[in-house]
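Inspection log for the structure reproduced underneath, given as structure tokens.
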Protein chains: 2
Amino acid sequence: MRNAEATRERILDAAMAEFSAYGIAGARVDRIAKTAGCNKNMIYIYFDNKETLFSTILQKHLTRVYEELPFTPDDLPGYATRVFNFAMTNPDLIRLMAWSSLEQKTESPAERGTIHDLKVAALLQAQNAGQVNKTFAPGFLLTAIMALATAWTASNPFGPSLDPDSTKNPDELRNSIAEAVKLITQGDTEKHEQ
Amino acid sequence: MRNAEATRERILDAAMAEFSAYGIAGARVDRIAKTAGCNKNMIYIYFDNKETLFSTILQKHLTRVYEELPFTPDDLPGYATRVFNFAMTNPDLIRLMAWSSLEQKTESPAERGTIHDLKVAALLQAQNAGQVNKTFAPGFLLTAIMALATAWTASNPFGPSLDPDSTKNPDELRNSIAEAVKLITQGDTEKHEQ
DNA sequence: GATACTTTACTAACTGGTTAGTTATATGTT
DNA sequence: AACATATAACTAACCAGTTAGTAAAGTATC
């Protein structure tokens, strides 16, 4: 029953559930401790404070995303599909990101910005290679794709809360998203390309 | 200095700023009272509790949106443009909606659902009239349009925090959004319409 | 038109419960 | 013993909501 690493993990898991559900301001440290099955003080031994705990968890899961979701500028509908699948199977992380963008004053950590820039650069290359049409700037495309792929998550005010039926047909939804991304990125490659 | 209506309005304004900035859990009633320049108790005379105050404000501003933003199924790029303009000039309301979808347990009020259904029905009619192509279900289209039109607001985790430059060219952004919506809604009307 | 009474708008101080974070102490491990 | 892991008890600050009371404005009565 004495296992530092395991306790730390249980805290992280419990905190993930708590923060995802209630955000930073709404999260209760006592509740995290109870869920983790440990004493509250353990949380303050492993982490500085509530905010740090939140950031640690967000960072950890974001890293996981970057590993699980390779960006494929030559197959953007496929990328959107994978983002959609990920968002549907990881609603907690999507909520965590939503809380973060509302509650955390600081801009996104430098790492995220860098990764974003890499994608934009790759997208520009794909455009120059004729794989993606040049109708839109690469930065616009990336945000548009992410917006479409995550529009049906609970954190979107215009998402499933207004259109509850849509999430009951995830397959149709997935196909529609892929098709929409295709229209935006490959819609008129031939016409405009040269 | 004794003016019930004016005081109530000041409370609503102060609460809008507070809730928009900190959400429900993060909002402080004392701070609202201070901003409104009134005693905290006045808030509890005019409103039941913090949650009710939040709901009242959200409702009030949503009503305003429905009046200011007529839905035009025959001109969806134009509608997206207007939503984009509205979102850019009313970031507080967008944040309020984001907080609501994260913090409020209850589903969206019946009114919002009804308005949504009306739009979906109108969209279906526009499809049958050949004004909008039938590639996508009307419910999908509506959510996709809203997602695109509001993707560059602060509350979107994939929005401006990752792509800060984009919001410096709002005109280009607006045009791109309109163009993207056009591609999705009118992209291949001729081909599929027959 | 002055006086007593009622209602409305407002305030200061308080209450009871909550909460992030700490300290002191105990227990298992090597 | 020495160290790492864990717990219980505690504290100081905070915070939503309440209470009890004051002052202004209106209304009735003479």
Side-chain angles (χ1 to χ4, degrees), chain A residues 1-60 92 95-96 99-100 102-106, chain B residues 1-60 92 95-96 99-100 102-106:
Chain A
M1 278 296 279
R2 289 172 72 82
N3 188 332
E5 195 53 42
T7 301
R8 214 187 106 102
E9 278 309 310
R10 286 205 318 279
I11 291 172
L12 284 172
D13 289 347
M16 175 69 176
E18 179 75 11
F19 282 124
S20 158
Y22 304 105
I24 302 175
R28 296 294 167 251
V29 178
D30 285 293
R31 211 153 41 190
I32 293 173
K34 194 179 175 184
T35 305
C38 77
N39 190 274
K40 179 164 65 156
N41 187 241
M42 299 308 294
I43 293 170
Y44 289 97
I45 286 175
Y46 293 122
F47 307 94
D48 282 351
N49 51 43
K50 202 164 85 157
E51 182 99 15
T52 301
L53 179 54
F54 179 90
S55 299
T56 304
I57 290 166
L58 181 62
Q59 195 58 45
K60 171 187 162 188
D92 284 5
R95 284 180 63 90
L96 211 66
W99 286 117
S100 172
L102 282 174
E103 294 191 289
Q104 298 207 290
K105 341 260 161 194
T106 57
Chain B
M1 279 294 280
R2 288 169 65 85
N3 188 332
E5 195 52 44
T7 301
R8 213 187 106 103
E9 278 311 310
R10 286 204 319 277
I11 291 172
L12 284 172
D13 288 347
M16 176 67 175
E18 179 76 11
F19 283 126
S20 160
Y22 302 105
I24 302 174
R28 295 293 168 251
V29 179
D30 286 291
R31 212 155 37 191
I32 293 173
K34 195 178 174 186
T35 305
C38 76
N39 191 274
K40 178 162 66 154
N41 187 243
M42 297 308 293
I43 293 170
Y44 289 98
I45 285 175
Y46 293 122
F47 308 94
D48 283 352
N49 52 42
K50 201 163 85 157
E51 182 99 16
T52 302
L53 179 55
F54 179 90
S55 299
T56 303
I57 290 166
L58 180 62
Q59 195 57 44
K60 171 187 162 189
D92 284 5
R95 283 180 64 91
L96 211 66
W99 287 116
S100 172
L102 281 173
E103 293 191 290
Q104 297 207 290
K105 343 260 160 194
T106 56

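Labels below follow one simple rule: chain letters A, B, ... track the order of the sequence lines, proteins then strands, and each chain is numbered from 1. Below, all heavy atoms of this structure are taken into account, side chains as well, without hydrogens, waters or symmetry copies.
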What nucleotide among C:dG21, D:dA6, C:dT11 has an atom nearest to a side-chain atom of A:Tyr46? D:dA6

Nearest-angstrom distance from the residue atom CZ of A:Phe47 to P of C:dT22: 15 Å

Is any N or O donor-acceptor pair between the side chain of A:Asn41 and the base of C:dT23 shorter than 3.5 Å? yes

Side chain of B:Asn49, heavy atoms from C-beta onward: which of D:dG17, C:dT11, C:dA9 has the nearest atom to it? D:dG17

Rounding to an integer number of Å, can you tell me how far B:Ile43 CD1 sits from C:dC10 P? 12 Å

Is there side-chain contact between A:Glu18 and A:Lys50, with heavy atoms separated by less than 4.5 Å? no

Figure out the CD1/P separation between A:Ile24 and C:dA20, and round it to whole Å. 12 Å

Using whole Å, report how far CG of B:Leu53 lies from P of D:dG17. 10 Å

Taking the side chain of B:Cys38 as heavy atoms from C-beta outward, which of D:dA16, C:dT11, C:dA20 is closest to it? C:dT11

Using only modelled atom types and a 3.5 angstrom limit, is any donor from either the side chain of B:Lys50 or the base of D:dG17 paired with an acceptor on the other? no

Less than 4.0 angstrom between a side-chain N/O of A:Arg28 and OP1 or OP2 of C:dA20, yes or no? yes

Quick one: label A:Ala27 by what it contacts on the DNA or RNA (base, sugar-phosphate, nothing), any heavy atom closer than 4.0 Å. sugar-phosphate

Between the base of C:dT8 and the side chain of B:Arg2, is one N or O donor paired with an acceptor at under 3.5 angstrom? yes

Testing the basics here: between B:Leu58 and B:Ser100, what is the closest heavy-atom pair and its distance to 0.1 Å? CD2-OG, 3.4 Å

Under a 4.0 Å N-O cut-off, is there an ion pair linking B:Glu103 with A:Arg95? no

Does atom NZ (A:Lys34) have a neighbourhood of more than 12 heavy atoms from anything else shown, all under 6.0 Å? no

Nearest whole Å is fine: how far is C:dT18 C1' from A:Lys34 NZ? 15 Å

Between B:Ala4 and B:Lys40, just flag the one whose closest nucleotide in DNA chain C comes earlier from the 5' side. B:Ala4

Fit a plane to each ring of A:Phe19 and A:Phe54, take the angle between them on a 0 to 90° scale, and name the class: parallel (under 30°), tilted (30 to 60°) or perpendicular (over 60°). perpendicular

Rounded to whole angstroms, how far apart are CD1 on B:Ile32 and P on D:dA16? 8 Å

In whole angstroms, the gap separating P of C:dC10 from CG of B:Asn3 amounts to 7 Å

Let me know the distance between CE of A:Met42 and P of C:dG28, rounded to the nearest Å. 15 Å

Nearest to the side chain of B:Asp30, which nucleotide is it out of C:dA9, D:dA16, C:dA20? D:dA16

Which residue is it: A:Leu12, A:Ile24, A:Val29? I am looking for the one with a side chain to side chain contact (heavy atoms under 4.5 Å, CB included) to A:Leu53. A:Leu12

Does a side-chain N or O from B:Thr7 land closer than 4.0 Å to OP1 or OP2 of C:dC10, or not? yes

Any donor-acceptor N/O pair under 3.5 Å between C:dA9 base and B:Asn39 side chain: no

Of B:Tyr44 and A:Gly37, whose closest DNA chain D nucleotide lies nearer the 5' terminus? A:Gly37

